[in-house]
Amino acid sequence: MVDASVVMIENAHKRLERWSHEHPGQRLEGVARWQVIGEAATEVGPALFFSLLVITLSFVPIFTLQAQEGRLFRPLAFTKTYAMAAAAALSVTLTPVLMGYFIRGRIPPENANPINRRLTAIYRPALNWVMGRPRLTLFFAVLVLATTIWPLSQLGGEFMPQMNEGDLLYMPSALPGLSAAEASRLLQQTDRMIKTVPEVESVFGKAGRADSATDPAPMEMFETTIQFKPQSQWRPGMTPQKLIAELDRVVKVPGLTNVWVPPIRNRIDMVSTGIKTPIGVKVSGADLAAIDRVAREIETVARTVPGVSSAFAERLTGGRYIDVNIDRDAAARYGMNIAAVQEIVSGAIGGEEVGQTVEGVARYPINVRYPRGIRESLDALEALPVLTPSGQQITLGTVADVRIADGPPMLKSENGRPTTWVYVDVQGRSLTSVVSDLQRAVAKNVPLPPGVSLAYSGQFEFLQHAVVRLELVVPATLLIIFILLYLTFGRFDEAALIMATVPFSLVGAIWALYLFGFNQSVATAVGMIALAGVSAEFGVVMLVYLRHALAARTPSDGPPASADVEEAVREGAALRVRPLAMTVAVIIAGLAPILIGHGAGSEVMSRIAAPMIGGMVTAPLLSMLVVPAAYLLMRRRTARDRLPSTDIVQPLQGARP
């Protein structure tokens, strides 16, 4: 937001310094002073306004994000858009007025500052080398861009970086057919194992579903909330990742497949996709036996993929059911019909409401059924007394065949087709690399019967949706920015030059992600989009300085000479040293605390800041070296071969090398 003011104040300093040089011993006051300030603002104001609009437009893709990523980053996009729109308006209205009131007194020359003097001493030899070898400079720039092939190949991908929520959720899955007593025993056993880790403060576990229709969890699904001690009380060198690895090593129970997830993130994912792990494979088909077989084969293959810490396929067999097959003939001999026998079975086993109890204003139903000991025994169920219409007492086994049958523990459907899920947890590798290897392994080793289909879900599904949307919106946004640049400069080649600077500026961002060990995600994409806007602004301002310097050396009777073009490029580029250094310093100073910060949400913000800070290394170099070289080649083609002019007044004194 302060870039425009920095550049405009810098240009005002240059104008005032030039006036003092041209009018030694005189004081600039009154209308003349405001005229100089106005000329300085007019010279760079329109370009600065449009450059801020470019930064504002660069965030258009963020507004198109949906679901989790949209709700997370859209407030950031709105905030920045409003702020940049206000900055663009103030840069051409309020800033020039404030410059007239506050920029007073003696303006020290640019070379009086030791920092600026040092930067200029470093920059001028590099600029001279570039001016002598512009084509070689562009070749080196392409080589630098090519170096990103290596870090890009090493960067993984994920939907969002895993945030440290402070607590952890342990959600193992057991094989179906687990009794309530065995589930309680296993839950207590895993809780005791988790509590042996010194960093664990408390453990609270739940087996089965809660008393809610929105939680259809089976008995074999555990949910254990782990609260940790403050990080200051952890063992030296212990990190959240190491802590999860130790918990996974400590908690080893046969029949349980470990899954460790952040609580809030898990709830959001389960509400959105139903998948509790980062990766889920949904197997759909018409035949339950076929999709169950495919799911088990995928589970076996997934465990061989590097980075997969656990894989578990929901079973469509293993559920235990009590079938009561009524013998119609036997029931008829005792004067009973099917409805009468079913009423006895439902009342004795399922329970029947016989009344209500009133406790103040609350009413509670009274339900009567046989005790658990009878309901869990097949022999006891067969011996249940049944009273016939004639008053004769018989047993349930006399009129029905009671047996235990196997069946699916739970049935799920999606898009009108029976579906089962395979949960795949990932540790130590990026999400996209694991999914890529998993898809290849499944395609190679798991043949799909006719009518069976696969779909990869979980966080990977969110990542796919975000990537598809950005692939459509980002090119459209770049086209709009190009049109805006063309309207600003009125030349196709200059607008294309600014657009060409965008991929080169991302070199530092890509290397920064690689050095920090970050994966590509929606958060890093937001940072790169912001960096692209700032890089375009650097190019716009540099081009403005080069154009003004060249215009001052262009004669009225034709194009300038080749030597004049080169001299103008040197002058214009040298004028950008101090404002660019100030702009980069402000950006880095503002983003460095975000990059190194800790606490809730810092994982996401550091992924946004890292590309920006890395880009602040390559984007200024691109603006100061590559853009002048490319502009020199563009303008030297139309220049005429004659001696450089010596009677043209320089636009800004003190900038000649």
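- Partners of Arg333 under the salt bridge (Lys or Arg N to Asp or Glu O under 4.0 Å) rule, at least two apart in sequence or in another chain, do not exist in this structure.
- Met528 approaches Ala509 most closely through the heavy-atom pair CE-CB, 4.3 Å.
- Without hydrogens or angle criteria, Trp234 side chain to Lys229 main chain gives a donor-acceptor distance under 3.5 Å.
- Residue Arg185 qualifies as enclosed at atom CZ: its count of foreign heavy atoms under 6.0 Å is above 12.
- The two residues Ala340 and Met336 make their nearest non-hydrogen contact at CB-CE, 4.2 Å.
- Between Ile244 and Leu168 the shortest side-chain heavy-atom distance falls below 4.5 Å.
- Within the 4.5 Å cutoff, no side-chain heavy atoms of Glu199 are placed close to those of Gln233.
- Residue pairs meeting the side-chain hydrogen bond (donor to acceptor under 3.5 Å, both in side chains) criterion with at least one partner in residues 441-453, sequence neighbours excluded, are Arg417-Ser453.
- Side-chain atoms of Gln393 do not come within 3.5 Å of backbone N or O of Pro385 as any donor-acceptor pair.
- Two residues are said to be in side-chain contact when any heavy atoms from C-beta on lie closer than 4.5 Å; Val251 and Asp248 fail this criterion.
- Evaluated for a side chain to side chain contact (heavy atoms under 4.5 Å, CB included) with Asp437, the options Val305, Val308, Val442 yield exactly one hit, Val305.
- Annotation: side chain of Tyr364 is not in contact with side chain of Gln356 (no heavy-atom distance under 4.5 Å).
- Between Phe518 and Phe516, the angle of the ring planes stays under 30°, which puts this pair in the parallel group of the 30/60° scheme.
- Nearest heavy-atom pair across Pro447 and Val294 is O-CG2, 4.4 Å.
- In this model, no donor atom of one side chain and acceptor atom of the other lie less than 3.5 Å apart for Asp425 and Trp260.
- When all heavy atoms of Ile291 and Ser284 are compared, the pair lying nearest together is CG2-C, 3.7 Å.
- For the pair Thr398 and Ala330, the tightest heavy-atom approach, listed with the atom from each and the gap, is O-CB, 3.7 Å.
- Checking side-chain atoms of Asp327 against main-chain N and O of Asp329 turns up a donor-acceptor pair under 3.5 Å.
- In this structure the side chain of Gln189 reaches within 4.5 angstrom of the side chain of Val253, judged on heavy atoms.
- Looking at heavy atoms from C-beta onward, Val283 lies in side-chain contact with Ile298 at the 4.5 angstrom threshold.
- Between Met193 and Val203, every side-chain heavy-atom pair lies at or beyond the 4.5 Å cut-off.
- At least one side-chain heavy atom of Ile194 sits less than 4.5 Å from a side-chain heavy atom of Leu247.
- Although no hydrogens or angles enter the test, the distance criterion places no donor-acceptor pair under 3.5 Å between the side chain of Glu223 and the main chain of Met171.
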* With salt bridge (charged side-chain N to carboxylate O under 4.0 Å, His left out) as the test, would you mind laying out the steps for Lys242 and Glu246 before giving the verdict? => CA-CA 6 Å; Lys242 292 181 180 179; Glu246 181 168 349; over 6 Å; no

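- A salt bridge links Asp292 with Arg296: the distance from a Lys NZ or Arg NE/NH1/NH2 to an Asp or Glu carboxylate oxygen falls below 4.0 Å.
- Considering all non-hydrogen atoms of both residues, Ala313 and Ala295 come closest at CB-O, 3.4 Å.
- Distance alone, capped at 3.5 Å, is enough to place a donor-acceptor pair between the Arg303 side chain and the Ala311 backbone.
- Contacts of Arg403 classified as side chain to side chain donor-acceptor pair (under 3.5 Å), with partners at least two apart in sequence or in another chain: Asp401.
- Side-chain contact check for Ser436 and Arg440: at least one donor-acceptor pair (N or O, by modelled atom type) lies under 3.5 Å.
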